[in-house]
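What's counted below: heavy atoms across the whole structure, side chains too, no hydrogens, waters or symmetry copies. This structure is a prediction, so every number in the text was calculated from the model and none was measured. Throughout, a chain's letter reflects where its sequence line sits, starting with A, and its residues are numbered from 1.
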Amino acid sequence: MVSVVGVAVPSVGTIRILLFAELRERAGWGEHHWPTNPGCAAGPTPRELWLHLQLSGELDPQVRIAINREFADADTPLQPGDELAFLPPISGG
Amino acid sequence: MVSVVGVAVPSVGTIRILLFAELRERAGWGEHHWPTNPGCAAGPTPRELWLHLQLSGELDPQVRIAINREFADADTPLQPGDELAFLPPISGG
Amino acid sequence: MQLKIDLHSTGFEPLVVLEHWQQEQAQSGIAASAAEAQFIGRVRGITTDGRALEALELEHYPGMTEQQLERLAQECCNRHGVSRCLVQHRIGRVLPGEAIVLVAIGADRRGPAQRCCQELLEALKHHAPFWKREWHTDGSSEWLSGNTPL
Amino acid sequence: MQLKIDLHSTGFEPLVVLEHWQQEQAQSGIAASAAEAQFIGRVRGITTDGRALEALELEHYPGMTEQQLERLAQECCNRHGVSRCLVQHRIGRVLPGEAIVLVAIGADRRGPAQRCCQELLEALKHHAPFWKREWHTDGSSEWLSGNTPL
């Protein structure tokens with residue numbers, strides 16, 4: 001697990017993980033690169049990564065998932081090079 | 001029945017009658033003063049005046065009535081000094 | 001409740017009127033509304049039967065129209081608990097593209113502002129005495145017997 | 001469909017933006033819409049728990065926020081068959097009274113314009129990644145966990 005500060009360096013061998021707003025402040029980081037296992041057919045899911053990253057117990061159903069900047073299901077297997085974001089409840093407008 | 005052109009001269013002894021838009025153009029006049037009968041307790045109703053003025057058969061239910069610039073029922077007895085208006089279907093905004 | 005209603009016998013620019021209205025309020029020390037819903041209606045370039053429109057004529061009932069607009073606005077604003085209301089309406093001859101009506105509602109919440117703006121527009125379209133006449137390019141004209149569909 | 005979406009990292013004046021938008025269209029020979037519905041949202045002077053607000057901070061997800069706004073706008077405008085759509089949204093530190101959001105919809109009929117304006121506002125409030133943090137006068141702050149009630 002590599003913590004990257006500042007501009008992200010896309011890497012085909014890793015999954016870029018982003019946290020926003022309250023989630024970022026609680027975790028103390030905004031971006032991580034998670035190394036993927038080249039031998040593994042199916043990558044980890046956002047729900048699994050949430051636990052691996054010890055972000056706070058089970059994945060809160062209020063937290064939405066974006067994969068490559070599209071809303072996605074928390075159980076979608078991730079691919080190397082994917083950008084995963086955990087989004088706390090939205091409050092725009 | 002006195003036809004008045006231009007600025008209206010309010011008169012306590014008469015009912016001022018106004019027509020608008022299509023009704024005015026069909027009738028060929030926009031304003032009349034209808035003399036009231038001092039001996040009569042109850043004045044004429046808008047529905048009765050519509051017939052007296054030969055405005056076109058029975059009072060069309062699409063025509064709305066205003067008495068003293070308030071919407072009113074076609075069967076309200078009018079008083080001397082009242083301003084009565086026959087309003088064709090409204091199309092504002 | 002801040003209420004401003006005007007009939008314009010010549011063209012008005014909705015955004016300019018809105019800006020003056022907001023400036024007046026700012027100068028009176030009234031904070032801008034958290035939610036403002038606005039509607040601008042303009043004259044279409046074609047008549048209801050699809051021909052080119054030369055102009056629209058808007059007749060009203062002097063005295064009653066103003067009184068009705070004020071009553072409809074008061075009722076609607078009270079019902080929705082909004083704080084500010086601006087209604088501007090053209091009368092006379094209006095050209096294609098020109099504004100006929102502007103309704104702006106300021107409130108503390110978006111729901112009341114939007115609902116009030118919508119309902120007041122319908123109310124004045126149906127209950128404020130205005131009549132539209134379409135003038136065609138050949139000099140003929142026709143009174144409209146109602147509003148365009150919602 | 002004419003669509004214009006911008007994120008502003010500094011203050012914007014909704015009426016000025018609207019005027020420029022309309023001028024751009026006029027210069028492109030596009031006739032003004034017969035019906036235009038607009039909504040302006042501004043920062044309240046008090047926090048959700050009733051204290052004085054120093055500022056509101058608006059965080060977003062660069063790339064996804066713009067993409068989502070465009071998708072939500074396209075979907076909503078297609079569904080209602082409207083012809084023009086303007087969405088302006090603040091990011092960064094926003095002061096009480098400043099505009100956060102402007103949605104303007106131009107259409108041929110008032111119904112679609114109003115409904116589209118209302119629905120797009122709700123859509124972006126719930127599905128475009130923005131997060132608000134309230135800053136209090138004592139320097140403390142709090143992330144909001146949702147929107148103000150409708």
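- Listed for the D:Glu134 side chain is a donor-acceptor partner under 3.5 Å among the backbone atoms of D:Thr48.
- D:Arg79 has a carboxylate O that lies under 4.0 Å from a charged side-chain N of D:Glu119, or vice versa, which qualifies the two as a salt bridge.
- When heavy atoms are compared at a cutoff of 4.5 Å, D:Glu13 does not approach chain C at all.
- A donor-acceptor contact shorter than 3.5 Å is absent between the side chain of D:Glu70 and the backbone of D:Ile5.
- At a threshold of 4.5 Å between non-hydrogen side-chain atoms, the residues C:Arg133 and C:Trp131 do not count as touching.
- For C:Ala35, the parts lying under 4.5 angstrom from a heavy atom of chain D are both the backbone and the side chain.
- The part of D:Leu121 that comes within reach of chain C is its side chain, from C-beta onward, which places non-hydrogen atoms under 4.5 angstrom from that chain.
- The main-chain N or O of D:Gln114 is never found under 3.5 Å from a side-chain atom of C:Gln118 such that the two would form a donor-acceptor pair.
- For D:Pro112, the parts lying under 4.5 angstrom from a heavy atom of chain C are both the backbone and the side chain.
- With a threshold of 4.5 angstrom between heavy atoms, C:Glu122 approaches chain D through side-chain atoms but not through N, CA, C or O.
- The closest donor-acceptor contact from the side chain of C:Thr65 to the backbone of C:Pro129 lies under 3.5 Å.
- Both the backbone and the side chain of D:Ala37 come within less than 4.5 Å of a heavy atom of chain C.
- Chosen from C:Asp108, C:Ile40, C:Val43, C:Ile100, the residue pairing most often with chain D at heavy-atom distances under 4.5 Å is C:Ile40.
- Both the backbone and the side chain of D:Glu19 come within less than 4.5 Å of a heavy atom of chain C.
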